[in-house]
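Data first, discussion second: the structure below is written as structure tokens.
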Amino acid sequence: MNLLEAMELRHAVRDYTDEPLTADQTAALQEAIASANSRHGLDIQLVHDVPDALGGYPTHYGRFKNVRNLIALIGRDEPGADEADLDERAGHAGELLALTAVSLGLDTSWAVLHETADHEGCWTLGEGERMPAAIALGHGTRPGRPHRSKPADQLGAIENGDYADAPDWFHRGIEAVMLAPSALGKQPVRFTLLTDGRTVRAEALEGVQAEICLGIAKLHFELAVAGTDFVWA
């Protein structure tokens, strides 16, 4: 299964069985995490095969059961940058890892915890680090269900034009954005193709964890338009 196929199949799952990750799945996730940390300057950590991978804390959205595996999205805010930068990087890197997990035959769900610094030893926060979000993963007790998305023309736009007139590659990108998970399913993002026909402006709108959602959506867009001569504004 490639990542585009994983994007189609991925649906949030919050209730998991006791079945452990295989050695191959764990190794593949650790390799993908090392690559993401190097690319994005993060300190993402894999928690696996423990009784409570959430560290004893509830999540902000959705009830989780029997989470024994977790990808903890940890990093530092860059000097002079606001929290939006780390949140977007965590969203982008985390969604690539979530899709990788799905491609390995696992179920996943994004989670935001009430507390992250004081927990039961599942992950380590270094000085100046924080954990904007996490990804629960494992074998779901039942398949996840698809959820309604915003219409394409509410997620994508053409500068000084109509969305319907956008090139095919931009439509592909927005269709992938429609599949992107977001807090409360609100999809607080907007992608605009500028007048040069190749520059895309991606913006976080008002909403819960909007910058995390933007990072996730940008990853979906990039995967769908891979090989296209486009640039981010």
Side-chain angles (χ1 to χ4, degrees), residues 2-4 6-8 10 32 35-44 73-100 110 112 130-133 135 147-233:
N2 63 37
L3 295 180
L4 290 175
M7 196 185 301
E8 294 275 356
R10 183 220 59 82
S35 176
N37 283 337
S38 176
R39 178 180 178 185
H40 293 280
L42 298 171
D43 185 23
I44 300 170
L73 301 171
I74 296 170
R76 287 185 176 84
D77 294 299
E78 295 291 341
D82 61 23
E83 292 187 354
D85 174 71
L86 175 56
D87 287 358
E88 184 179 326
R89 283 187 286 138
H92 191 284
E95 182 64 1
L96 181 58
L97 296 172
L99 295 178
T100 299
W110 279 82
V112 176
R130 63 183 180 89
M131 184 171 140
I135 298 164
H147 292 275
R148 184 179 300 175
S149 170
K150 280 184 177 179
D153 60 3
Q154 290 185 21
L155 293 167
I158 304 298
E159 190 175 44
N160 302 321
D162 295 325
Y163 174 74
D165 298 327
D168 288 344
W169 67 265
F170 188 73
H171 284 159
R172 289 200 311 274
I174 297 303
E175 288 164 4
V177 170
M178 293 173 69
L179 298 173
S182 63
L184 303 176
K186 298 297 186 181
Q187 297 182 298
V189 297
R190 184 76 162 174
F191 289 71
T192 304
L193 180 63
L194 303 188
T195 53
D196 66 2
R198 65 185 294 266
T199 302
V200 178
R201 182 176 64 238
E203 303 168 280
L205 307 179
E206 194 72 27
V208 177
Q209 277 99 42
E211 287 78 17
I212 296 175
C213 298
L214 178 62
I216 294 171
K218 288 177 73 172
L219 186 277
H220 275 226
F221 188 95
E222 290 169 356
L223 290 175
V225 305
T228 302
D229 182 27
F230 97 100
V231 294
W232 292 119

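Just so it is clear, the structure is predicted and the values come from calculations on it, not from any experiment. This chain uses plain numbering: 1 for the first residue, then up along the sequence.
Within the structure, every pair that satisfies the salt bridge (charged side-chain N to carboxylate O under 4.0 Å, His left out) test and touches residues 199-215, not counting sequence neighbours, is listed here: Arg201-Glu203. For residues 163-187, no pair satisfies salt bridge (charged side-chain N to carboxylate O under 4.0 Å, His left out), with sequence neighbours left out. Judged as a ring pair (Phe, Tyr, Trp, His ring centres under 6.0 Å), the pairs with a partner in residues 75-99 (not counting sequence neighbours) are, in order, His40-His92. Screening residues 147-159 for side chain to side chain donor-acceptor pair (under 3.5 Å) gives Ser149-Gln187 as the qualifying pairs, with residues at least two apart or on separate chains. Applying the salt bridge (charged side-chain N to carboxylate O under 4.0 Å, His left out) test to pairs two or more places apart or on separate chains, those with a residue in residues 215-232 are Glu88-Lys218, Arg198-Asp229.
Contact between Val189 and Ala217 at its shortest, heavy atoms only, is CG2-CB, 4.2 Å. Taking all atoms of both residues into account, the shortest heavy-atom contact from Ala224 to Gly173 is CB-CA, 4.0 Å. Nearest heavy-atom pair, Leu42 versus Gly75, reported as atom, atom and distance to 0.1 Å: CD2-CA, 4.0 Å. Heavy-atom minimum distance, Ala90 versus Leu73: O-CD1, 3.7 Å. Scanning both residues, Ala202 and Leu214, for their nearest heavy atoms gives CB-CD1, 3.9 Å.
Residues Pro167 and Leu193 meet the side-chain proximity criterion, which asks for heavy atoms closer than 4.5 Å. Side-chain contact check for Val112 versus Pro132: every heavy-atom pair is 4.5 Å or farther apart. Looking at Arg190 and Leu155, their side chains never come closer than 4.5 Å, going by heavy atoms from C-beta outward. Looking only at side-chain heavy atoms (C-beta outward), Val200 and Thr192 stay at 4.5 Å or farther from each other. Leu86 places none of its side-chain heavy atoms less than 4.5 Å from the side chain of Glu78.
Legend: residues meeting side chain to side chain contact (heavy atoms under 4.5 Å, CB included) with Ala152, ordered by chain and number and at least two apart, are Tyr163, Ile174, Met178.
Ion pairing between a basic and an acidic side chain is recognised when a charged N comes within 4.0 Å of a carboxylate O; Asp43 and Arg130 show no such pairing.
Looking at Thr228, its side chain does come within 3.5 Å of a backbone N or O of Val225 through a donor-acceptor pair. A donor-acceptor distance shorter than 3.5 angstrom exists from the side chain of Asn37 to the backbone of Ile44, with no hydrogens or angles considered.
Interatomic distance, Leu194 CG to Ile158 CD1, rounded to the nearest 0.5 Å: 9.0 Å.
Using cut-offs of 30° and 60° for the angle between ring planes, the Phe221 and Phe170 rings count as perpendicular.
Judged by distance alone, the side chains of Trp110 and Gln209 never bring a donor and an acceptor atom under 3.5 Å apart.
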